Amino acid sequence: MNPITRGVRNAFRNTVRTGSIVAILGLSIGLALTMLVAQKAVDNKIKSVKSSIGTTVTIAPAGFNPGSSANNALTGTLLAKVKSLPHVASLSETLSDRLPTTGATMPSFGRFGGGSSSDSGSTTSLSSPVTLNTNGNGGSRFFVNGGDGTLPTNFSLPVSFLGTTDPSTVDGSAITLSSGKTIDGTTAANNALISTQMASKNNLAVGNTFTAYGTTLTVSGIFTTSTQSAQGTVIVSLPTLQQLSGQSDVVTNAAATADSLDNLSGVTTAIKNTLGSNADVTSAQQQADDTVGPLNSVKTVATFSLIGAMAAGAVIILLTMIMVVRERKREIGVVKAIGGSNLRIMLEFMAESLTLAVLGAVIGLIIGVVGGQPVTKMLVKNSTNTDTATTQTTTAPDVAGGTGRRFGGEGQGRAFATRFNQGFRRNGAVQGISTIKTEVGPSILLDGFGAAVLIALIGSALAAGMIAKVRPSTVMRAE
Amino acid sequence: MLEVKNLVKTFQSGDTKVQATKDITFSVPDGQFASVVGRSGSGKSTLLALLGALDKPTSGSIVVGDQDITTLSDHQLIKYRCESIGFVFQNYNLVPSLTALENVMLPMEFAGVVRPERLARAKKLLEEVGLETDQMQRKPGRLSGGQQQRVAIARALANRPKLILADEPTGNLDTETGKKIFDLLHNLSRTEQATILVVTHDLAIAGKTDKTFRLEDGELHEETTKQ
């Protein structure tokens, strides 16, 4: 019989004591595993939230007040500095404007953003495909300031114009070109992209022309989009709109993309430092940090509990093995007297310790599998209940946007920021912040057994030292 | 040949030094059955521990065969205890979790003897000491004192040692069983060609051995040899 077999057998010498030790150890390992399950589940959730936020940093003019007729502006010159920052993969710049339809009568719109859209007197030959009272069912969802509260008979919503260096998106939503070709966002040219709805409303096809700012523009391409906002928007290149609207070098919004999620925080800080008080710079990083804050607390609690449970398990084994060695001191002396080496005896005791730990691990695994999900849910629920309200508020900070003639009709900046934040909140990973799914896969099982082995090794270390110190002559002195 | 020269063992007891063995010198030729007699506290067990390499002497030499065991390293001492020495204790000192058979096999396992060989030899030895087959599978707790001592003797002979050291082997047994155990030891020393040194306070037993040493307060006073 080898020392391992003897050690395993020795573990069952006193079945009552073994049973008690295994039960306590099982609880300890079970708690450790439960905390490990919780920690991994929370960690996965945090990663999922962070990976869902993207790497975009939004830049808007500082302190933009939609109600004000004068606001700060971003300039292409300023943004050129951003473009050259390390880890900035790309930078898209936009200028927003809107024009009333030639011949349409415009009331003053309360809910839809202040500011006249006819400050410059420019108009467009296009009519917006977007009509009022189309959102939602029943009841009027708009109001008109002044007069008798009704719309003029020849009313048409203003047409939004978006000058952009990235003509593939409108306010962060991707568009799909259905006919024609796209435009170069960085070159001034009197070409435009319009939506299928806009084309249909105005009987336009690729190659047809329309007027805006007293200039004739050619339809280069027609796109499809899922948002009504984009349906009512004409896309031109940034230099074109700057030129047509007389806002040379002016940019109302920009979005920088970091080359990786790891660099997002650094890029955000670098942009803030570069633009200083000229701009409000936000990224989803902070929002994600705020959102995952409660999860981080749970992770910390789980980590400390895991360490505590592991330490308790190690102490249980340690004390048990010390007790066993003291009890069998004479036996150890006998085995040494008849030629047993320290190593063999230590192996025997380690096997005994490992047997107890593995038995404890089996009980612990059952506890971990059964208790992992409910404990994790409870921890997360308790933690997020107190923080959700705060998180929901802080995830939607005001990002400058605006209305007004010079900074884009219906407050493109605010609209973009709001949509961005709402989109972030609506994101599955973020919305289900308290919905944690635990998994007890092979890796957790291996970790559990690994923990048991570690506990056994730590627990038998001191016992091994005691064994080494037992002199074979002990057996004679005890005679 | 067991040859002991100027053997001294000193223990520290508080502030004072206690000399357990004082300049002991004696020898026992190969295959002889010798005894050391003395009263309790005379240093008999200390002498046995030194001869069995369970303890290290303060000075002096112990030569077993052609090897001075006082010069051996710890690793060599383990090998020496395993292969050259057989111990029989007063309290038997069998491993309680092992059966009689496993107890006898244990020293052979330490010596690296393969399982079939150690199983066969352990059975043979247990038969020689008079243990029944069913008793071989019993743990020490289910054996009588005499049976346990028989197992201990079989264990001591397991690796065919040059020297068997027995510490009061009949001390816990009744007279009849004690006599049988003594006779068993005597006979086995003949068949196994081992030198046996028995420590006892029983002069009757000592009188039956080939050579007797008297130990008093750590000093070897007199020596009698059978003609």
Side-chain angles (χ1 to χ4, degrees), chain A residues 1-18 320-321 323-356 463-465 467-479, chain B residues 9 11 40 44-56 74-75 77-99 101-112 115 118-119 139-140 152 155-156 158-159 161 165 167-168 171-172 199:
Chain A
M1 192 189 299
N2 59 42
I4 309 290
T5 317
R6 275 199 300 277
V8 173
R9 255 171 58 167
N10 282 345
F12 299 98
R13 267 191 187 186
N14 186 334
T15 46
V16 174
R17 186 168 69 188
T18 300
T320 304
M321 293 318 291
M323 187 173 66
V324 167
V325 170
R326 286 175 71 95
E327 242 178 39
R328 297 193 204 146
K329 204 171 174 180
R330 183 187 177 83
E331 191 179 314
I332 293 166
V334 170
V335 173
K336 283 189 178 183
I338 62 172
S341 65
N342 275 332
L343 188 66
R344 274 180 173 273
I345 302 168
M346 282 176 195
L347 261 177
E348 199 173 308
F349 276 82
M350 280 175 79
E352 185 172 346
S353 158
L354 200 61
T355 305
L356 294 174
I467 290 165
K469 281 184 180 168
V470 175
R471 299 198 63 79
S473 57
T474 309
V475 71
M476 300 301 292
R477 295 203 183 104
E479 284 288 294
Chain B
K9 177 67 184 177
F11 292 110
S40 182
K44 300 191 300 289
S45 292
T46 303
L47 177 63
L48 215 58
L50 294 173
L51 297 179
L54 302 183
D55 216 344
K56 287 188 173 177
D74 284 350
H75 182 71
L77 281 176
I78 291 171
K79 197 169 184 301
Y80 167 77
R81 283 197 294 265
C82 183
E83 293 172 358
S84 303
I85 297 285
F87 260 110
V88 180
F89 302 98
Q90 183 179 352
N91 289 333
Y92 330 124
N93 280 337
L94 298 174
V95 178
S97 58
L98 303 180
T99 63
L101 193 66
E102 287 165 349
N103 263 288
V104 180
M105 287 166 72
L106 195 58
M108 289 187 271
E109 184 196 315
F110 296 154
R115 187 179 157 78
R118 60 179 191 249
L119 187 66
K139 287 184 179 171
R155 184 179 68 181
N159 286 329
L165 302 170
D167 188 16
E168 303 275 12
N172 279 354
V199 165

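Every chain is numbered from 1 and lettered A, B, ... according to where its sequence line falls, protein lines coming before strand lines. What you see is a predicted model, and the numbers here were worked out from it, not measured in a lab.
- Applying the side-chain contact (heavy atoms from CB on, under 4.5 Å) test to B:Lys79 and every residue at least two apart in sequence or in another chain returns B:Glu83.
- The CG atom of B:Asn93 sits 4.0 Å away from atom CZ of A:Arg330, with the distance rounded to the nearest 0.5 Å.
- Taking 4.5 Å as the heavy-atom cut-off, the residues of residues 8-17 of chain A that approach chain B are A:Arg9, A:Asn10, A:Arg13, ordered by number.
- Taking the side-chain contact (heavy atoms from CB on, under 4.5 Å) definition, one finds that A:Leu347 meets it with A:Pro3, A:Ile4, sequence neighbours left out.
- What you find for B:Phe110 and A:Val335 is that their closest heavy atoms are CZ-CG1, 3.4 Å.
- Taken to the nearest 0.5 Å, the OG atom of A:Ser341 stands 10.0 Å off from the CZ atom of B:Arg81.
- Atom CG of A:Asn342 and atom NE2 of B:His75 lie 12.0 Å apart (nearest 0.5 Å).
- B:Leu50 does not touch chain A: none of its heavy atoms, backbone or side chain, sits under 4.5 Å away.
- Of all residues spanning residues 348-355 of chain A, none has a heavy atom less than 4.5 Å away from chain B's heavy atoms.
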Exercise. Step by step, work out the side chain to side chain contact (heavy atoms under 4.5 Å, CB included) result for A:Val334 and B:Phe87.
Key: CA-CA 9 Å; A:Val334 170; B:Phe87 260 110; over 6 Å; no

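- Using a 4.5 Å cut-off between heavy atoms, B:Ile78 contacts chain A through both its backbone and its side chain.
- At a 4.5 Å heavy-atom cutoff, A:Arg328 makes no contact with chain B through either its backbone or its side chain.
- Options B:Ser97, B:Gly52, B:Ala156 differ in how many heavy-atom pairs under 4.5 Å they form with chain A, and the most are formed by B:Ser97.
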Self-check item: From CA spacing to verdict: side chain to side chain contact (heavy atoms under 4.5 Å, CB included), B:Leu106, A:Arg6
Solution: CA-CA 11 Å; B:Leu106 195 58; A:Arg6 275 199 300 277; 3.3 Å; yes

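- With respect to the salt-bridge test (charged N to carboxylate O, under 4.0 angstrom), the residues A:Arg344 and B:Glu109 qualify.
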